[in-house]
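Taking it in order: structure first as structure tokens, then the write-up.
Only a predicted model underlies this, so the values are computations on that prediction, with no experimental measurement involved. In what follows, chains are A, B, ... by sequence order, proteins preceding strands, each numbered from 1.
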Amino acid sequence: MRMSAFFLPTLKETPNEAQIVSHRLMLRAGMIRQTSAGIYAWLPLGLKVLRRIERIVREEQDAAGAQELLMPTIQPAELWKQSGRYDDYGKEMLRIVDRHDREMLYGPTNEEMITDIFRNAVKSYRDLPKSLYHIQWKFRDEIRPRFGVMRGREFLMKDAYSFDLDPAAARRSYQNMFLAYLRTFARLGLKAIPMQADTGPIGGDLSHEFIILAETGESGVFCDRRWLDLDVLRDAPVYGDDLEPFFTQATGIYAATDEKHDPATSPLPADQLVSARGIEVGHIFYFGTKYSKPLGAVVAGANGEPVTVEMGSYGIGVSRLVGAVIEASHDDAGIIWPDSVAPYQVGLVNLKSGDAGTDALCVDLYHKLQAQGTEVLYDDRDERPGAKFADMDLIGVPWQLVVGPRGLKSGVVELKRRGTAEKHELSPESALARLLA
RNA sequence: CGGGGCGUAGCGCAGCCUGGUCAGCGCGCCAGUUUUGGGUACUGGAGGCCCCCGGUUCGAAUCCGGGCGCCCCGACCA
């Protein structure tokens, strides 16, 4: 993408409604614009990052054996009346009446709908287990939306649902997703700690929240000091293995959200316990027959007897993750994208657009990088070098390839790593080789 | 939903108490000159239902009433 043509409205100053760093940077970097309280438009740069994260989440769900489908955002109230949640959910649910006075709602989650789809299609224990997921916009009419995409009313969520014949099998499904979540967050460059959690209105009795430690997090959390530099995935099993030992070990190291943590019964001495704040990026639940029973999701068991299926649900806040990654990775100059989610791999900076030499070299590098499948943001604007550096740092592209008249004289370009500010003067050829390695 | 605050140019703000010489500043934007390795400097220019409705007044961005919107602190959630 040529920056001269890119719709990238960056800001020098910070809009005053933005309190936390991720919100400020997303506005300044031209990633999002607010359209009303807790509702955002995703501009091209922001959407690109959202898609990258979505893709990693999807790849890991697929690898874990879940199957993707897509359910609508608008749901009939009827299903929610069957589950009993139509009244329970309260004002957080956006209720809609259509032209025929039918009660509808904008889905805050999809347990009812997926259970309905499942019960109509699956009649035999032979078809179990099944895990289904989708990545769809949700709406929860939060009392107080805040912090940009971290607590929006409309947000993109990956929600998966597992169906099993008995509690033991459901536990395996839960553990499978547990591993998938740890792997997903690790691929996003995040350290997520699984914590014992309350189940809230979703219901159930086995539940973990995945928390990124951050000053600006909304959740109070407590964990064993050992979590701070633990690489929980180092000796992790692979999908399909018996996950029980791994699960027992990982959940054996204490970590709990403040709703769940009781100082009176804390298993840790004070000097071993870390009290911190965190961002909830994922939440998994095992809730048994909470929905399958009222909605009648029943299959024939091995002896022909009816069996109400055991269910779990598993959520990842995809749009929230964009903010969470920024909270975890930025400096005074702007965002520092991990390579896995960066909107562009390389920022190509022409320090003197209009100079025949730098123009020619830049265009050559631009085409060669693109030909190899590298996503390049080429700053060909007629701006001062300082403005270009500042914008590139703000946007956070992992590699900056800088071409200027001075270096050109001695046949070198500069390759800079955004995260470390490490710089190397190289020939254009070796810079290319380095980037394509 | 309780408490607090804000709404004036794309963004950040001043002006409001004490009504009229009050449509302003900085950044950004446009044109030109200049400059060219970390947000350059100068000149000129465009851009505003002063959130909306009503009231008071000779006169309202300013005072009064009512709405709407947004933000912050708390109780809830991916």
Once you apply a heavy-atom cut-off of 4.0 Å, does A/Gly317 come out as touching a base, just sugar-phosphate, or nothing? base
With stacking defined as ring centroids separated by under 5.5 Å and planes differing by under 30°, is A/Phe389 stacked against B/rG37? no
Select one nucleotide: of B/rA78, B/rG37, B/rG26, the one nearest the side-chain heavy atoms of A/His283. B/rA78
Which one is paired to B/rU34, where only Watson-Crick or G-U wobble pairs with both distances under 3.5 angstrom count? none
Students often get this wrong, so: under 4.0 angstrom with heavy atoms, is A/Gly148 touching a base, only sugar-phosphate, or nothing? nothing
Starting the side chain at C-beta, find the nucleotide from B/rU40, B/rC70, B/rC11 nearest to A/Ala37. B/rC70
At their closest point, which heavy atom of A/Pro398 faces which heavy atom of A/Trp337, and how far apart are they? CG-O, 3.9 Å
Nearest to the side chain of A/Arg320, which nucleotide is it out of B/rA78, B/rU36, B/rC72? B/rA78
Give A/Gln19 one of three labels, base, sugar-phosphate or nothing, depending on what nucleic acid heavy atoms sit under 4.0 Å from its own. sugar-phosphate
Expressed as a whole number of Å, how far does the P atom of B/rG5 sit from that of B/rA60? 28 Å
Which parts of nucleotides 42-48 of chain B does protein reach within less than 4.0 Å, heavy atoms only, written one letter per nucleotide 5' to 3' as B for base, S for sugar-phosphate only and - for none? -------
Quick note, A/Arg151 side chain, CB onward, closest among B/rC77, B/rA78, B/rG39 is B/rC77
Ignoring hydrogens and angles, answer whether the base of B/rG37 and the side-chain atoms of A/Glu414 contain a donor-acceptor pair closer than 3.5 Å. yes
Roughly how far apart, to the nearest Å, are B/rG20 and B/rC71 at atom P? 33 Å
Side-chain donor-acceptor pair present, A/Glu310, A/Tyr286, cut-off under 3.5 Å: yes
Remember a base hit wins even if backbone is also touched, and classify A/Glu17 as base, sugar-phosphate or nothing at under 4.0 Å, heavy atoms. sugar-phosphate
Could you pick out which residue, A/Thr14 or A/Met157, lies toward the 5' side of RNA chain B when each is mapped onto its nearest nucleotide? A/Thr14
Can we say A/Lys368 and A/Asp364 salt-bridge, meaning some charged N sits less than 4.0 Å from an Asp/Glu carboxylate O? yes
If you only use heavy atoms from C-beta on, which nucleotide in B/rC77, B/rG12, B/rG39 is closest to the side chain of A/Glu142? B/rC77
Can you tell me the Watson-Crick or wobble partner of B/rC1, both distances under 3.5 angstrom? B/rG74
At under 4.0 Å between heavy atoms, what does A/Val281 touch on the DNA or RNA strands: base, sugar-phosphate, or nothing? sugar-phosphate
Below 30° counts as parallel, above 60° as perpendicular, anything between as tilted: where do the rings of A/Trp137 and A/Trp42 land? tilted
Name the nucleic acid region contacted by A/Lys158, choosing base, sugar-phosphate or nothing; use a 4.0 angstrom heavy-atom cut-off, strictly under. nothing
If you assign A/Arg144 and A/Asp391 each to the RNA chain B nucleotide with the nearest heavy atom, which residue ends up on the more 5' nucleotide? A/Asp391
B/rG24 and B/rA9, which share atom name P, separated by this distance in whole Å: 14 Å
Nearest-Å distance once atom C1' is located in both B/rA31 and B/rC25: 22 Å
Quick one: is the NZ or CZ of A/Arg417 closer than 6.0 Å to the six-membered ring centre of A/Trp399, and within 45° of its axis? yes
So what does A/Glu280 touch, heavy atoms closer than 4.0 Å: a base, only the sugar-phosphate, or nothing? sugar-phosphate
Base-pairing mate for B/rG69 - Watson-Crick or G-U, with both contacts under 3.5 Å: B/rC6
Value in whole Å for how far the P atom of B/rA78 lies from OH of A/Tyr181: 10 Å
For nucleotides B/rG19 and B/rC64, find the distance between their P atoms and express it as a whole number of Å. 12 Å
Nearest to the side chain of A/Glu383, heavy atoms from C-beta on, is which of B/rC29, B/rG38, B/rU36? B/rC29
Taking the side chain of A/Arg140 as heavy atoms from C-beta outward, which of B/rA78, B/rC11, B/rC71 is closest to it? B/rA78
Which whole number of Å gives the distance between the P atom of B/rC11 and that of B/rC29? 15 Å
Has the side chain of A/Lys388 got a donor or acceptor atom sitting under 3.5 Å from an opposite partner on the base of B/rG37? no
At under 4.0 Å between heavy atoms, what does A/Leu11 touch on the DNA or RNA strands: base, sugar-phosphate, or nothing? nothing
Suppose you measure atom P in B/rG66 against the same atom in B/rG74; what distance do you get, rounded to whole Å? 29 Å
Can A/Lys81 be said to sit on top of A/Tyr86's aromatic six-ring, NZ or CZ under 6.0 Å from centre and within 45° of the ring axis? yes
When you compare the side chain of A/Glu154 with that of A/Tyr106, does any pair of heavy atoms fall below 4.5 Å? yes
Mind checking if A/Arg153 touches a base, just sugar-phosphate, or nothing, with heavy atoms under 4.0 Å? nothing
Using a 4.0 Å heavy-atom cut-off, does A/Gly404 contact any base of the nucleic acid, only the sugar-phosphate backbone, or nothing at all? base
Please tell me which of the listed nucleotides, B/rG37, B/rC76, B/rU36, lies nearest to the side chain of A/Lys352? B/rU36
Please determine, for the side chain of A/Ala390, which listed nucleotide (B/rC71, B/rG39, B/rA78) has the closest atom? B/rG39
Just name whichever nucleotide pairs with B/rA61, Watson-Crick or G-U, keeping both distances under 3.5 Å, else none. none
Between A/Glu112 and A/Ser83, do the side chains contain an N or O donor and an N or O acceptor separated by less than 3.5 Å? yes
What is the nucleic acid contact for A/Gly90, judged by heavy atoms within less than 4.0 Å: base, sugar-phosphate only, or nothing? nothing
With a 3.5 Å cut-off and no angle check, do the side chains of A/Tyr366 and A/Arg2 form a donor-acceptor pair? no
So, does A/Lys12 get its side chain near the phosphate of B/rG39, meaning an N or O under 4.0 Å from OP1 or OP2? no
Return yes when atom NZ of A/Lys293 has more than 12 non-hydrogen atoms of other residues, nucleotides or ligands closer than 6.0 Å, and no otherwise. no
